[in-house]
Amino acid sequence: MSAPRVLIADDHGMIREGLRIMLERAGIDVVGEAADGLAAVQNAAALTPDVVLMDLRMPRLDGIGATREIVAAGTGAVLVLTSFDEDELVLGAIRAGAAGFLLKTTEAGPLVDAVRRVAAGEGVLDPRVTRRALAAVAAAEPGESAGGRTNGRSTGPVEARPVGAETLTARELDVLRTLQLGRSNAEIARALNISVPTVKTHVSSILVKLGAESRAQVLALTRDWPPPAAPPPSAAPSPPLPSSPRG
């Protein structure tokens, strides 16, 4: 397997240099750097790395905006490097489609392992980050009980869904439904008419948003969710053919 290709995005030169040294010593191919979010988007489009190591606080365009554009363009999976005081930014990065989250204090071994896993289409979750972020997602939802009551009023059955599910995009739901059929990345790409790297990015984002570490865990969490896609409208019945005149 070839070495993952990585783009480092951070506005501090010393941090970029330190990350480059750690990754290259482990055989990771650092293909470029970016000192702000806009440069990260542009360099990702030009270099199409497997992974973009993304700082969240950067000039011109922050890490959330850069993540959103890179994921939408399918030019790389984003692995966020964050600090303890950035819960709100982490939640924004989850919604933008980041494939993983690590603290900036992460040591070389776990960092290299995380880069390889994200490059392979997996999600990477530092529990110290994601537990608080997913708790914030749950707190943002209107209060509902399993019995379907909101503010004391019956609202009927409530669709059971895992925490973080409301942050999945429409395309991620398409990927999830296809993933539930046991399809490979290549098969999902053909079914949805997208590229395999884009499938990997979406799968990684699904893992992170649902707090899962593997496809098997995603399938367990979503056994009865999401609902199947709406079937296409049935064609209107053809009018009966006129009867032939007797003659």
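Just so it is clear, the values below take in all heavy atoms, side chains as well, and ignore hydrogens, waters and symmetry mates. Counting begins at 1 with the first residue of the sequence.
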Val51 vs Leu7, side-chain contact (heavy atoms from CB on, under 4.5 Å): CA-CA, chis, key distance, verdict: CA-CA 6 Å; Val51 180; Leu7 170 67; over 6 Å; no
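- Considering all non-hydrogen atoms of both residues, Ala96 and Ile64 come closest at CB-O, 3.8 Å.
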Under 3.5 Å, which donor-acceptor pairs do the side chains of residues 191-198 form with other protein atoms, sequence neighbours left out?
from	atom 1	to	atom 2	distance (Å)
Ser195	OG	Thr198	N	3.2
Ser195	OG	Thr198	OG1	2.8

Glu187/Leu181 under side-chain contact (heavy atoms from CB on, under 4.5 Å): CA gap, chis, key distance, verdict: CA-CA 10 Å; Glu187 290 170 332; Leu181 298 176; over 6 Å; no
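- In this structure, OG1 on Thr106 lies 11.0 Å from CG on Asp113, to the nearest 0.5 angstrom.
- In this structure, the side chain of Gln180 engages the main chain of Thr222 through a donor-acceptor pair within 3.5 Å.
- With rounding to the nearest 0.5 angstrom, the NE2 atom of His202 is 6.0 Å from the OG1 atom of Thr169.
- Minimum heavy-atom separation, Pro59 to Asp11: CD-CB, 3.7 Å.
- With rounding to the nearest 0.5 Å, the separation of OG1 in Thr67 from CG in Leu56 is 6.5 Å.
- Residue Val203 comes nearest to Gly121 through the heavy atom pair CG1-O, 3.7 Å, listed as atom of the first residue, atom of the second, then distance.
- The CH2 atom of Trp225 lies 5.0 Å from the CG atom of Leu168; values are rounded to the nearest 0.5 Å.
- Summarising the geometry, atom CD1 belonging to Ile28 is positioned 12.0 Å from atom CZ belonging to Arg5; distances are rounded to the nearest 0.5 Å.
- The shortest heavy-atom contact between Thr75 and Ala45 is CG2-CA, 3.9 Å.
- In this structure, Asp55 pairs ionically with Lys104, as a charged nitrogen and a carboxylate oxygen lie closer than 4.0 Å.
- For the residue pair Thr178 and Ile188, the shortest heavy atom distance occurs at CG2-CG1, 3.7 Å.
- Counting all heavy atoms, side chain and backbone alike, Ala44 lies closest to Val52 at CB-CG2, 4.4 Å.
- Under the 3.5 Å distance criterion, the side-chain polar atoms of Arg116 are left unmatched by any main-chain donor or acceptor of Pro4.
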Test log, rule side-chain contact (heavy atoms from CB on, under 4.5 Å), inputs Val6 and Asp29: CA-CA 6 Å; Val6 175; Asp29 185 11; over 6 Å; no
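- Side-chain atoms of Arg16 come within 3.5 Å of backbone atoms of Asp10 as a donor-acceptor pair (strictly under, hydrogens ignored).
- A heavy-atom distance below 4.5 Å is found between the side chains of Leu53 and Leu79.
- In this structure the side chain of Leu81 reaches within 4.5 angstrom of the side chain of Leu111, judged on heavy atoms.
- The line from CE of Met22 to CD of Glu17 is 11.0 Å long, rounded to the nearest 0.5 Å.
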